[in-house]
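Mind having a look at this structure? Questions to follow.
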Amino acid sequence: MRATVRLASHSAVLCCLLFAGLSAGAQTINIDAKSGGRVFDGVGAISGGGGNSRLLIDYAEPYRSQILDYLFKPGYGANIQIFKVEIGADMDSTDGAESSHMHTRNDENYDRGYEWWLMEQAKARNPDIKFVALAWGAPGWVGDGNYWSQDMIDYMIKWLKHAQSDHHLTVDYLGGRNEHGYDVQWYKDLRAKLRANGLGHIKVIASDDWEPHKLWNIASEMKKDPAVDDAIDIVGVHGPGWGGYSTPDALSLGKPLWDSESHFDEIPPYNEMARNIPRNYAAGKVTATVYWPIISAIYENLPFDNVGLIKCNEPWSGHYAITPSVWVMAHTTQFAKPGWTYIDNASGFFDGDSAGGHGSFVTLKSPQGTDFSIIIETVQSKATETERFTISGFGKKTLHLWATDLTSSNPAGYFVKQEDVAVTNGKFALELQPGHVYSVTTTTGQAKGDAVAPASAPFNLPYSDNFNTYRIGKSARYFSDMYGAFETTRCDGGRGGICLSQLSPQEPIVWKRTAGRPFTMLGNLEWTDYTISTDILFEQPTSVDLIGRLSGMGDNDTPNSYVLRVSDAGSWSIIRTAVKGNDVVLASGLGDALGIRDWHHLSLSFSGGTISALLDGKPLKAISDTAYTKGMVGLGVVNYGSVQFDNFAVSSPQKSPAP
């Protein structure tokens with residue numbers, strides 16, 4: 001099946017279109033090899049800003065590699081050219097917490113989390129990929145709570161150097177902080193420290209602002225202060241298509257301008273990626289567009305569970321879903337490489353309509369000036385229109401055409417190779433349908449990946465993990481940290497083997513407005529009646545949470561859930577937490593002190609409206625509450641305390657024997 005596109009492919013028809021003006025647009029687009037513009041830096045995506053890639057690493061093969069190929073493999077899928085990752089800080093930066101490489105000032109581990117692994121996988125598939133690093137927040141020890149500090153610069157420098165030494169990854173670009181303003185002196189100090197540490201090749205991006213009235217403020221700072229201009233290589237802003245394209249100050253710098261975080265909107269026929277990639281340059285000379293988030297590999301009670309190039313939140317089944325945006329991105333990334341040059345005279349808006357009602361287009365040429373590609377979008381167009389083109393300086397080239405019909409929900413209409421375009425005397429015409437993306441190119445090698453995902457299946461009970469199969473410092477399978485750092489460590493208290501521990505010792509410098517208490521979660525939102533149990537060991541005075549029927553999640557990182565909370569001093573409570581606050585203590589009591597470095601066993605059971613809890617096999621309380629009837633499970637710690645967990649299990653209720 002072909003995407004709907006009608007071409008003026010016969011010379012007689014073309015002649016009529018070109019010279020009689022039948023239904024042809026008023027303009028002729030001249031593609032001249034001698035003309036140029038700014039250098040194209042690429043199109044990419046972000047893993048970070050809150051754990052959105054968390055569940056990918058838990059996929060089994062071959063499905064994990066299939067997903068990675070669709071993201072990074074050249075000539076196969078999205079063909080991501082710029083890969084931006086978060087420098088983690090143990091705090092929720094949107095949909096979860098990214099692991100820090102330094103939980104404390106004296107702690108260093110450069111193998112935590114999954115971002116290193118994901119970068120390695122990207123590099124293995126595309127050696128030319130460019131890496132960007134950016135922090136959303138920081139551990140609480142940094143600058144004694146001051147992000148814009150020498151501590152933060154040192155924190156970043158260590159991350160960058162160990163990316164090279166431990167993972168053989170060269171980071172190409174570095175940002176200051178995500179969406180939290182800037183400190184110009186800090187950027188000067190950062191540039192000096194990068195040079196002093198042999199990292200002068202890294203280009204600094206600033207300032208990743210998102211508020212419309214602040215987007216380009218850093219450009220004005222750069223223009224008036226040569227030292228700031230020297231410190232910053234790229235002006236990066238978030239969503240210039242919403243907040244205003246480049247200012248005169250930004251354009252006058254002669255430096256690359258980036259859309260360093262753009263977002264998805266895939267409601268047919270409107271695809272924001274299709275609209276923004278060409279328009280960013282056509283309207284504002286923006287030479288790179290980077291999308292957040294790369295994938296949706298998170299649980300479905302989180303705010304952005306359905307946003308990304310691929311939805312892959314079922315590692316237990318291997319199921320994943322490719323979105324149309326994979327093929328929209330491919331319309332640029334498979335047809336032009338970073339280092340190509342825009343042709344300004346062949347980039348713009350059809351019929352001069354900068355509002356985009358007729359569509360937009362950009363033309364890029366190879367460094368040698370031997371090949372070119374045109375990327376066209378008609379996302380907001382209301383009618384079929386014919387556009388005319390002339391070519392000069394490229395020699396006689398075969399023109400290949402690819403098209404995606406965004407008005408269709410049928411994937412067979414995405415990224416489809418059409419008949420080659422007929423060129424007569426250096427002229428050709430295209431009849432463009434509304435709601436489409438097109439790529440016209442002299443290049444070859446494009447392809448549409450054909451791997452097929454297995455069927456979706458639920459996360460079923462029972463489930464258990466004794467954590468003994470992991471290396472030290474790793475996340476446990478399917479657990480997704482919201483705040484804090486739940487990692488594998490050696491068991492204490494005379495017990496051998498591996499345990500799961502909460503290792504973040506203090507509240508971080510947060511990205512969100514509020515900080516939450518450390519907890520991690522897993523499971524199925526449809527689980528109803530079950531028992532969650534675990535062994536616990538307090539490494540310091542604190543309280544531990546055993547969480548059940550966890551469903552909705554609020555901005556303050558408090559879910560709708562039931563919690564069994566037990567302290568080292570022996571106090572306990574059963575709590576109904578709520579997204580909107582107003583937690584309710586349903587039962588409480590005080591037992592014998594549990595002490596430090598002794599193992600104990602907790603369980604929390606749900607059967608209809610009955611909730612019961614046990615400590616070391618002894619009943620604490622059975623209560624009745626029907627506010628929440630189903631949901632996931634979790635483990636938590638109060639006040640950033642250190643607790644070990646072992647022999648975690650979620651079991652279905654025992655069935656009574658048949659009479």
Checking the side chain of Thr247 only, and the main-chain atoms of Ala250 only, is there a donor and an acceptor separated by less than 3.5 Å?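 Present.
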For a quick check under 3.5 Å, do Thr404 and His331 share a side-chain donor-acceptor pair by atom type?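 Yes, side-chain donor-acceptor contact under 3.5 Å.
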For a quick test of reading the model, state the closest non-hydrogen atom pair linking Thr363 to Ser347 and the distance between them.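 Thr363 and Ser347 have their closest heavy atoms at N-OG, 3.1 Å.
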Begin with the C-alpha distance, continue with both residues' side-chain angles, and end with the deciding distance and a verdict on side-chain contact (heavy atoms from CB on, under 4.5 Å) for Leu68 and Arg125. CA-CA 8 Å; Leu68 292 166; Arg125 285 164 172 79; 3.5 Å; yes
Is it true that the side chains of Ser220 and Asp249 contain a donor and an acceptor less than 3.5 Å apart?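 The criterion, which ignores hydrogens and geometry beyond distance, is satisfied for Asp249 and Ser220.
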I'd like to know whether NZ of Lys337 has more than 12 heavy-atom contacts from other residues, nucleotides or ligands below 6.0 angstrom.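 Check fails, neighbour count at 12 or below.
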CG/Leu309 to CD1/Ile294 distance, rounded to the nearest 0.5 angstrom?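 Reported value, rounded in 0.5 Å steps: 6.5 Å.
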Less than 6.0 angstrom separating the ring centers of Trp292 and Phe264, yes or no?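 Between Phe264 and Trp292, which both carry aromatic rings, the centre distance is not below 6.0 Å.
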What about the rings of Tyr414 and Trp327, do their centers lie closer together than 6.0 Å?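 Not under 6.0 Å, so no.
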Given side chains that start at C-beta, do those of Ile67 and Tyr59 come closer than 4.5 Å, heavy atoms only?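 Yes, at least one pair of side-chain atoms sits under 4.5 Å.
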Tyr182 side chain to Asp208 backbone, donor-acceptor under 3.5 Å: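 Judged by distance alone, no pair lies under 3.5 Å.
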Report yes if the side chains of Val440 and His400 come closer than 4.5 Å at any heavy-atom pair, otherwise no.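 No, side chains not in contact.
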Shortest non-hydrogen contact from Lys365 to Ala33?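 For Lys365 and Ala33, the tightest heavy-atom pair comes out as NZ-O, 2.6 Å.
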Between Ser260 (side chain only) and Val237 (backbone N and O only), is there a donor and an acceptor less than 3.5 Å apart?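 Pair found, side chain donor or acceptor close to backbone of Val237.
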Centroid separation Tyr291 to His263 less than 6.0 Å: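 No, the ring of Tyr291 stays outside the 6.0 Å limit from the ring of His263, centre to centre.
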Side chains of Asp209 and His238 only: does a donor on one sit below 3.5 Å from an acceptor on the other?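 No, no side-chain donor-acceptor pair sits under 3.5 Å.
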For Gly413, is there any backbone N or O sitting under 3.5 Å from a side-chain donor or acceptor partner on Asn410?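 No, because the side chain of Asn410 does not come within donor-acceptor range (under 3.5 Å) of the backbone of Gly413.
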For a side-chain contact (heavy atoms from CB on, under 4.5 Å) check, start with the C-alpha distance between Phe361 and Ile375, then their side-chain angles and the critical distance, and finish with the verdict. CA-CA 6 Å; Phe361 60 96; Ile375 318 303; over 6 Å; no
Is there a donor in the side chain of Asn306 and an acceptor in the side chain of Ser296, or the other way round, less than 3.5 Å apart?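 Asn306 vs Ser296: no donor-acceptor pair found between side chains.
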Would you please say whether a donor-acceptor pair under 3.5 Å links the side chains of Asn345 and Asn30?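 No pair is found: no donor N or O on one side chain lies under 3.5 Å from an acceptor on the other.
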How about Lys203: does its NZ atom have over 12 heavy atoms from other parts shown lying under 6.0 Å from it?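 No, because the 6.0 Å sphere around NZ of Lys203 holds 12 heavy atoms or fewer from other groups.
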Trp216 side chain to Gly244 main-chain N or O, any donor-acceptor pair under 3.5 Å?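 Side chain of Trp216 to backbone of Gly244: a pair is present.
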Measure the shortest side-chain to side-chain distance between Val421 and Leu430 over non-hydrogen atoms and say whether it is less than 4.5 angstrom.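 Touching, per the 4.5 Å side-chain cut-off.
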Measure the spacing between CG of Asp41 and CG of Leu257 and express it to the nearest 0.5 Å.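 Going from CG on Asp41 over to CG on Leu257, the span is 9.5 Å.
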Has Lys285 got its NZ or CZ under 6.0 Å from the middle of the six-membered ring of Tyr281, at an angle within 45 degrees of the ring axis?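 Yes, a cation-pi geometry.
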Is there a donor-acceptor pair under 3.5 Å between the side chain of Asp92 and the backbone N or O of Asp95?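 Side chain of Asp92 to backbone of Asp95, a donor-acceptor pair under 3.5 Å: yes, one is there.
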Start with the C-alpha distance between Met119 and Phe131, add both sets of side-chain angles, then the distance that settles side-chain contact (heavy atoms from CB on, under 4.5 Å), and finish with yes or no. CA-CA 8 Å; Met119 293 169 74; Phe131 291 121; 3.8 Å; yes
Taking the six-membered ring for Trp, is the centroid-to-centroid distance between Trp340 and Phe372 below 6.0 Å?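 Not close enough - the centres of the two rings lie 6.0 Å or further apart.
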Is there side-chain contact between Leu190 and Leu174, with heavy atoms separated by less than 4.5 Å?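 Sidechains of Leu174 and Leu190: in contact.
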Under 3.5 Å donor-acceptor, Glu314 side chain and Ser456 backbone: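 No, the answer is negative, given that no donor and acceptor are paired below the 3.5 Å cut-off.
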Name the residue from Gln27, Gln380, Glu385 that meets the side chain to side chain donor-acceptor pair (under 3.5 Å) definition with His358.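 Passing option: Glu385.
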Quick one: do the Thr378 and Gln433 side chains pair a donor with an acceptor below 3.5 Å?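 Absent: no donor and acceptor within the cut-off.
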Within the structure provided, determine whether Met329 and Met273 are in side-chain contact (heavy-atom separation under 4.5 Å).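 Result yes, sub-4.5 Å side-chain heavy-atom pair found.
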Is a side-chain donor or acceptor of Ser366 paired with a backbone partner of Thr370 at a separation under 3.5 angstrom?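 Judged by distance alone, yes, a pair lies under 3.5 Å.
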Sort out for me which residue in Asp229, Asp230, Asp233 forms a salt bridge (charged side-chain N to carboxylate O under 4.0 Å, His left out) with Lys255.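 Going through Asp229, Asp230, Asp233 one by one, the salt bridge (charged side-chain N to carboxylate O under 4.0 Å, His left out) with Lys255 is satisfied by Asp229 alone.
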Under the side-chain contact (heavy atoms from CB on, under 4.5 Å) criterion, do Val132 and Phe83 qualify, and how do the steps go? CA-CA 6 Å; Val132 184; Phe83 185 31; over 6 Å; no
Can a donor-acceptor pair be found, under 3.5 Å and without considering hydrogens, that links the side chain of Tyr320 to the backbone of Pro454?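 Looks like no, no N/O pair under 3.5 Å.
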For the residue pair Asn313 and Glu300, establish whether any side-chain heavy-atom pair is separated by less than 4.5 Å.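 In contact.
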Give a yes or no on whether Lys214 atom NZ has more than 12 heavy-atom contacts from other residues, nucleotides or ligands under 6.0 Å away.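 Counting other residues, nucleotides and ligands, NZ of Lys214 stays at 12 neighbours or fewer.
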CD1/Ile376 to OG/Ser439 distance, rounded to the nearest 0.5 angstrom?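 Nearest 0.5 Å value for the CD1-OG distance: 8.0 Å.
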Could you tell me which non-hydrogen atom of Pro367 sits nearest to which non-hydrogen atom of Gly339, and how far apart they are?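 In this case the closest contact between Pro367 and Gly339 is CG-O, 3.7 Å.
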Does any N or O in the side chain of Arg38 come within less than 3.5 Å of the main-chain N or O of Tyr342, such that one atom is a donor and the other an acceptor?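 Checked: no pair found.
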Closest heavy-atom contact between Ser246 and Leu251?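 In this case the closest contact between Ser246 and Leu251 is CB-CG, 3.7 Å.
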Compare every heavy atom of Leu56 with every heavy atom of Arg64, then report the nearest pair and how far apart it is.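 Looking at all heavy atoms of both residues, the closest pair is CD-O, 3.5 Å.
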Min side-chain heavy-atom separation Arg54-Ser480 under 4.5 Å: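 Of all side-chain heavy-atom pairs linking Ser480 with Arg54, at least one is under 4.5 Å.
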Rounded to the nearest 0.5 Å, what separates atom CD1 in Ile80 from atom CG in Leu71?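 Going from CD1 on Ile80 over to CG on Leu71, the span is 5.0 Å.
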Roughly how far, to the nearest 0.5 Å, is the CD1 atom of Ile298 from the CG atom of Asn52?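 The CD1 atom of Ile298 is 4.5 Å from CG of Asn52, to the nearest 0.5 Å.
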For the CG atom on Asp353, are there more than 12 heavy atoms of other groups (residues, nucleotides or ligands in this structure) within a distance under 6.0 Å?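 Yes - once you tally the heavy atoms of other residues, nucleotides and ligands closer than 6.0 Å, there are more than 12.
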Regarding Glu377 and Ser360, is there a side-chain donor-to-acceptor distance under 3.5 Å anywhere?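 A donor-acceptor contact under 3.5 Å links the two side chains.
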Polar side chain donor-acceptor pair, Glu98 to Ser93, under 3.5 angstrom: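 On atom types as modelled, these side chains do not qualify, holding no pair under 3.5 Å.
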Distance check, rounded to the nearest 0.5 Å: Leu364 atom CG versus Thr341 atom OG1?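 Those atoms lie 8.0 Å apart.
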Is a side-chain donor-acceptor pair under 3.5 Å present for Ser262 with Asp259?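 The criterion, which ignores hydrogens and geometry beyond distance, is satisfied for Ser262 and Asp259.
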List the atom of Ser47, the atom of Leu118, and the distance in Å for their closest heavy-atom pair.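 Shortest heavy-atom contact: OG-CD2, 3.6 Å.
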Worked check of side chain to side chain donor-acceptor pair (under 3.5 Å) between Thr443 and Asp371: CA-CA 7 Å; Thr443 66; Asp371 287 294; over 6 Å; no
Is the distance between the ring centroids of Trp402 and Tyr438 less than 6.0 Å?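 Not close enough - the centres of the two rings lie 6.0 Å or further apart.
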